[in-house]
Chemist: 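Have a look at this one.
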Amino acid sequence: MTETLFSKIIDREIPADIVYEDDLCLAFRDIDPQAPVHILLIPKKPIVKVADAVEEDQVLLGYLLLKAGDIAKEQGYGEAFRLVINNGEAAGQTVFHLHIHILAGREFSWPAG
Ligand code: AMP
């Protein structure tokens with residue numbers, strides 16, 4: 001996988017407002033927030049998009065979901081938050097390193113745009 005903006009954030013080549021980090025993942029505030037809380041949670045493993053994940057990523061993907069819930073709780077929004085994963089350009093993905101958007105702090109409508 002080629003270097004992306006997010007791999008550069010993992011490597012500290014680009015600054016970010018990091019809110020959580022462990023051996024498997026990193027979470028930082030989105031530079032263009034779409035809600036009062038807008039955090040991106042990424043695996044350190046460079047998976048391009050959900051559709052590229054493989055069976056050995058099963059535990060990692062579950063871990064990310066649990067961690068997303070923990071982060072929403074830590075931000076004070078454990079009861080109401082939205083998780084978004086854009087998979088592929090036509091679905092709105094612009095950075096090709098899998099990431100979960102954690103959005104909270106406002107009302108969300110459905111369907112998503
Ligand atoms: P997506 O469109 O799902 O690929 O999401 C990419 C997200 O990355 C967008 O919400 C951008 O605002 C965000 N983003 C782009 N560059 C940065 C950066 N340097 N630091 C934090 N977030 C960024």
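Whatever order the structure lists ligands and atoms in, that order sets their numbers, starting from 1.
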Chemist: Hey, is the main chain of Ser109 close enough, under 3.5 Å, to the side chain of Arg82 for a donor-acceptor pair?
Modeler: yes

Chemist: Atoms of ligand 1 less than 4.0 Å from Thr94 heavy atoms?
Modeler: 1 (P), 2 (O), 4 (O), 5 (O), 6 (C)

Chemist: When you group the ILVMFWY residues by side-chain heavy-atom contacts below 4.5 Å and let the links chain together, are Val84 and Ile100 in the same group?
Modeler: no

Chemist: Is it true that Val19 and Leu24 fall in one hydrophobic cluster, defined by side-chain heavy atoms closer than 4.5 Å?
Modeler: yes

Chemist: Give the residue, atom name and distance (to 0.1 Å) of the protein heavy atom nearest atom 2 (O) of ligand 1.
Modeler: Gly92 O, 2.8 Å

Chemist: Could you go step by step and tell me if Phe6 and Phe28 meet the ring-ring contact (aromatic ring centres under 6.0 Å, His included) rule?
Modeler: CA-CA 10 Å; Phe6 292 171; Phe28 49 93; 5.3 Å; yes

Chemist: Counting from 1, what ligand 1 atoms have a heavy atom of Phe28 closer than 4.0 Å?
Modeler: 21 (C)

Chemist: Could you check atom 5 (O) of ligand 1 against the protein and tell me its nearest heavy-atom contact, residue, atom and distance included?
Modeler: His99 NE2, 3.0 Å

Chemist: Any salt bridge linking Asp52 with Lys49? Criterion: basic side-chain nitrogen under 4.0 Å from a carboxylate oxygen.
Modeler: yes

Chemist: At under 4.0 Å between heavy atoms, which part of Asn86 makes contact with ligand 1: side chain, backbone, both or neither?
Modeler: side chain

Chemist: Please say yes or no: joined through hydrophobic side-chain contacts below 4.5 Å, possibly via intermediate residues, are Ile71 and Tyr63 part of one cluster?
Modeler: yes

Chemist: Looking at Asp57 and Lys45, is any side-chain nitrogen of the basic one under 4.0 Å from a carboxylate oxygen of the acidic one?
Modeler: yes

Chemist: Distance under 4.0 Å to a non-hydrogen atom of Asp32: what atoms of ligand 1 satisfy this?
Modeler: 12 (O)

Chemist: Assess whether atom CD of Glu13 is packed by more than 12 heavy atoms of other residues, nucleotides or ligands within 6.0 Å.
Modeler: yes

Chemist: In terms of relative ring orientation, are His38 and His101 parallel, tilted or perpendicular, with 30° and 60° separating the classes?
Modeler: tilted

Chemist: Counting each atom of ligand 1 from 1 as listed, which ones have a heavy atom of Arg29 under 4.0 Å away?
Modeler: 21 (C)

Chemist: For Ile31 and ligand 1, does the shortest N/O to N/O distance drop below 3.5 Å?
Modeler: yes

Chemist: Should you measure from each heavy atom of Phe6, which atoms of ligand 1 turn up under 4.0 Å away?
Modeler: 8 (O)

Chemist: When you look for heavy atoms under 4.0 Å from ligand 1, do you find them on the side chain of Phe96, its backbone, both, or neither?
Modeler: neither

Chemist: N/O of Gln93 under 3.5 Å from N/O of ligand 1, yes or no?
Modeler: no

Chemist: Any nitrogen or oxygen of Leu5, side chain or backbone, less than 3.5 Å from one on ligand 1?
Modeler: no

Chemist: Sub-3.5 Å donor-acceptor pair from the side chain of Arg106 to the main-chain atoms of Gln34, do we have one?
Modeler: yes

Chemist: In the protein, what heavy atom is nearest to atom 11 (C) of ligand 1, and what distance, to one decimal place, separates them?
Modeler: Asp30 OD1, 3.4 Å

Chemist: Taking 4.0 Å as the limit for heavy-atom contacts, which would you say applies to Ile85 with ligand 1: side chain only, backbone only, both, or neither?
Modeler: neither

Chemist: When you compare ligand 1 with Val95, is there at least one nitrogen or oxygen pair between them that comes in under 3.5 angstrom?
Modeler: yes

Chemist: For ligand 1, note which part of Gln34 has a heavy atom under 4.0 Å away: side chain, backbone, both or neither.
Modeler: neither

